[in-house]
Amino acid sequence: MFELFTLFCAFYVYIKLFGKHHKDEKNLPTKRKIQRQTRTNTRNKIVNSLQSPSPKSTPEVEHKKKSHLCTKNEQNLYATLLEILPSEYVVHCQVSLMALIQPKDFKNNSRTWAKRMDFVITDRESMVLAVIELDDSTHKWKSRQQRDKYVNESLEGHHTLIRIGSERRYDPCKIALLIEQSSSIRCERVYSHLLEVQ
């Protein structure tokens, strides 16, 4: 009698353990199918959102072409810089302030990235040597003065900032003298010689 009871208990345990496992195996393909379908649906939603953005989220904006990076006045100064600087230097125009410095606190990024510097002089390896701002009549505006104050303070201790007053014609010797006195940049030998004579 005891052996029959033991056999019954063993059979009961077997059914409970292996019968449940077998039942789960029958449902397993269904679970995999659901998981695969869920992944497919998610992927399709992402692809659709990238391919056809909602018109509300991306309103059409009209643009007009700008043919030059610089104004006519800035072009005159640019030409003077190219004339007085040796070929070891590169002059970049309309450089984002964010390319030169970055606020430590992320919340101040918007104050920096929207501002552009008129010219940046670098060496051939793109190391920043000087930042040049052309101060035309717009720099007398109150809003512009606040902007200039921010630029001055943010660049201080990081990059050399040279401000050049707006003129109809730029004297190469005068510009060369200002750059040499304000930075480590050395201008063309001919202008350095003229400066020494003066």
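Keep in mind that what you see is a predicted model, and the values were worked out from it rather than measured.
- Cluster membership for Leu85 and Leu134, using ILVMFWY side-chain heavy atoms within less than 4.5 angstrom, is shared.
- Taken to the nearest 0.5 Å, the OG1 atom of Thr112 stands 8.5 Å off from the CD atom of Gln102.
- Summarising the geometry, atom CG belonging to Leu155 is positioned 5.0 Å from atom CD1 belonging to Ile101; distances are rounded to the nearest 0.5 Å.
- Contact detail for Thr80 and Pro172: the closest heavy-atom pair is CG2-CA, 3.9 Å.
- A heavy-atom distance below 4.5 Å is not found between the side chains of Arg116 and Cys93.
- Side chain of Arg169 to backbone of Asn76: no donor-acceptor contact under 3.5 angstrom is found.
- Between the side chain of Glu180 and the backbone N or O of Cys187, at least one donor-acceptor pair lies under 3.5 Å.
- The structure places CG of Asn73 at 3.5 Å from OH of Tyr170, a figure rounded to the nearest 0.5 Å.
- Looking at His159, its side chain never comes within 3.5 Å of a backbone N or O of Val131 through a donor-acceptor pair.
- Within 6.0 Å of CD on Glu156 lie no more than 12 heavy atoms contributed by other residues, nucleotides or ligands.
- Counting only distance, with no hydrogens or angles, the side chain of Tyr78 and the backbone of Asp118 share no donor-acceptor pair below 3.5 Å.
- When the side chains of ILVMFWY residues are joined at heavy-atom separations under 4.5 Å, either directly or via intervening members, Met127 and Ile121 end up in a single hydrophobic cluster.
- Linking ILVMFWY residues whenever their side-chain heavy atoms come closer than 4.5 Å, directly or via other members, places Leu77 and Ile84 in the same cluster.
- The shortest distance between side-chain heavy atoms of Arg124 and Val90 falls below 4.5 Å.
- Note: the hydrophobic cluster containing Met98 does not contain Tyr150 (ILVMFWY, side chain heavy atoms under 4.5 Å, direct or indirect links).
- Under a hydrophobic-cluster definition in which Ile, Leu, Val, Met, Phe, Trp and Tyr are linked whenever side-chain heavy atoms come within less than 4.5 Å, directly or via other members, Ile185 and Leu82 are assigned to the same cluster.
- With rounding to the nearest 0.5 Å, the separation of CG in Leu178 from CD1 in Ile164 is 5.5 Å.
- Taken from CG in Asp148 to CG in Asn152, the straight-line distance is 6.5 Å, to the nearest 0.5 Å.
- Within the 4.5 Å cutoff, no side-chain heavy atoms of Val128 are placed close to those of His158.
- Between Tyr89 and Ile179 the shortest side-chain heavy-atom distance does not fall below 4.5 Å.
- Tested against Phe119, the residues Glu74, Gln94, His92, Glu133 include a single side chain to side chain contact (heavy atoms under 4.5 Å, CB included) partner, Glu74.
- For the atom pair Ile162 CD1 and Ile132 CD1, the distance stands at 5.0 Å (nearest 0.5 Å).
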